[in-house]
Amino acid sequence: MTFEPSWKRLTAATGGLFIAVLAFLGVRVAAGGDHAVQAAAQTTTQPSQTRQQVAPPAPVTPSDQLAAPQTPQDPSAGQIDANPPRTHSS
Amino acid sequence: VIRVDRTFACMGGRATVRLESSRHSRHALERDAARIRATLREADRALTRFDPASELCALNRDPRAAVPASPLVRDLVRAAAWAGARSEGLVDATLVGPIEAAGYAESRTGAMPAPLAAALAAAPPRRPARAASHWAWADLAVDPAGRVVRPPGVRIDSGGIGKGLAVDVAAARLPAGIRYAIGCGGDLAVGGSGAWQIAVDDAHTGAEAHRLLVQKGGVATSGINARIWRRADGSYAHHLIDPATGEPAWTGLVAATAVAASALEAEVLAKAALLSGPRGARRLLRRDGGVLQHDNGRVEVIAAAPVVRLRAA
């Protein structure tokens with residue numbers, strides 16, 4: 001039996017390989033194995049406050065305007081704080 | 001909701017503590033505020049470079065390569081090394097010599113800053129700061145025995161890192177169920193239920209330039225306006241040093257405010273942003289957002305990048 005290369009076979013093999021890689025990456029993303037997706041998820045779900053943990057991102061929401069309250073328990077709901085904490089050069 | 005507010009002098013500036021809770025009594029909140037004050041005062045005493053009796057000064061004088069240190073100073077050393085790495089050498093806590101040479105060898109607490117407009121008018125052409133060719137901060141470490149390791153002669157300046165670290169430590173010691181905003185010299189640690197409104201002071205006018213909404217973490221501002229002075233030769237100087245030149249950095253920004261997971265990280269980001277100049281600052285602040293204040297008075301708000309989440313179908 002002899003192997004006869006052809007454009008048809010090459011295209012089929014390439015397409016099969018592409019689908020296999022795509023499926024593998026899809027499984028990884030679904031399982032949370034993708035670092036970029038993990039980082040984005042941590043930004044909204046895993047606040048860090050201990051002094052040893054300074055690198056992980058926390059759920060912070062700076063905005064151009066005062067946003068709507070983030071939770072039903074938000075004490076600042078709908079109010080402008082007349083005396084908010086301040087940040088400044090020191 | 002019971003609220004307790006405290007303000008006191010600390011680390012060459014003002015410290016502010018705001019605690020709110022519907023679960024804790026006023027007495028308990030006042031006790032927690034007193035503990036925070038004690039924590040910040042302890043950090044002030046240990047980390048100042050203006051008191052020869054401080055632990056930091058003793059460390060900076062010590063001729064040994066490995067020096068036993070308190071947990072706080074060990075944390076400072078780790079934070080200084082991390083800050084250097086995080087900022088690729090821009091935030092360099094080992095620049096004590098250049099800072100002193102620029103005219104900041106003594107505390108400037110209570111000293112009136114020089115006029116910012118005059119200083120900006122006389123300043124050299126603006127350019128981003130760069131890292132030093134030799135990274136002394138990379139030699140800072142804590143060994144397994146808990147000793148600080150650094151080449152003798154390398155001195156550490158706590159600076160803003162010390163403030164950020166101190167408020168983070170104070171916040172970490174709070175019990176659950178308290179909404180808090182702990183500030184020291186403009187570095188803030190905030191948390192608890194609900195978002196905090198944080199006012200950003202205008203470096204040119206002192207008025208409120210912008211208001212941020214922060215759920216939890218840290219906010220810090222690094223700027224040249226609060227500690228700026230005129231040297232004997234008539235030139236102006238400030239305390240934010242370009243590591244590459246050892247001279248005060250004039251980058252086109254007078255202040256940068258950063259939001260991050262902790263006050264320490266916000267402090268490092270803010271300082272790195274200011275030293276990087278406008279273009280680099282936008283890149284540094286784009287993840288969690290912040291505010292840039294330009295030489296010409298323009299206030300530029302950097303919006304946080306939207307969080308993108310992929311979901312499996």
Side-chain angles (χ1 to χ4, degrees), chain A residues 19 22-90, chain B residues 1 12-13 16 18 20 75 79 82 160 163 165 168-169 171-172 179 181 183 185-188 190-191 193-201 203 211-217 219-226 255 257 259-262 264-265 287-290 301 303-304 307-310 312:
Chain A
I19 290 170
L22 193 63
F24 172 74
L25 291 176
V27 170
R28 291 263 297 162
V29 168
D34 184 288
H35 294 296
V37 177
Q38 274 190 332
Q42 283 174 355
T43 300
T44 57
T45 61
Q46 295 183 4
S48 166
Q49 272 298 285
T50 61
R51 52 187 159 141
Q52 289 83 10
Q53 292 177 296
V54 291
V60 289
T61 312
S63 62
D64 288 355
Q65 301 173 350
L66 291 179
Q70 311 243 331
T71 66
Q73 306 92 331
D74 188 348
S76 64
Q79 298 175 5
I80 301 296
D81 190 342
N83 183 27
R86 310 187 77 83
T87 181
H88 51 79
S89 307
S90 65
Chain B
V1 174
T16 58
R18 177 171 296 176
E20 297 175 354
D75 280 347
W82 176 82
K163 296 184 181 77
L165 177 65
D168 283 342
V169 169
R179 186 170 182 261
D187 287 12
L188 285 158
V190 297
S193 64
W196 281 95
Q197 298 174 26
I198 308 293
V200 179
D201 284 358
R211 194 170 287 202
L212 296 163
L213 200 65
V214 180
Q215 190 80 21
K216 178 178 169 66
V219 182
T221 298
S222 185
I224 66 174
N225 54 299
T257 300
V259 180
S262 68
L264 172 61
E265 188 174 11
R287 192 183 76 179
D288 290 328
V301 177
V307 175
V308 177
R309 294 170 112 176
L310 301 181

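None of these values were measured; they are calculated from a predicted model. In what follows, chains carry the letters A, B, and so on, assigned in the order in which the sequence lines appear, proteins first and then strands, with residues in each chain numbered from 1.
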Best-contacting candidate, A181(B), A255(B), G223(B), against chain A by heavy atom pairs under 4.5 angstrom: G223(B)
Residue from V301(B), L188(B), V190(B), V259(B) passing side chain to side chain contact (heavy atoms under 4.5 Å, CB included) with L212(B): V259(B)
Region of T16(B) in contact with chain A, defined by heavy-atom distances below 4.5 Å: neither
Which portion of I198(B) sits near chain A, non-hydrogen atoms under 4.5 angstrom: both
Under 3.5 Å donor-acceptor, T87(A) side chain and D187(B) backbone: no
E265(B) side chain to G217(B) backbone, donor-acceptor under 3.5 Å: no
Shortest non-hydrogen contact from R179(B) toward G194(B): NE-O, 3.8 Å
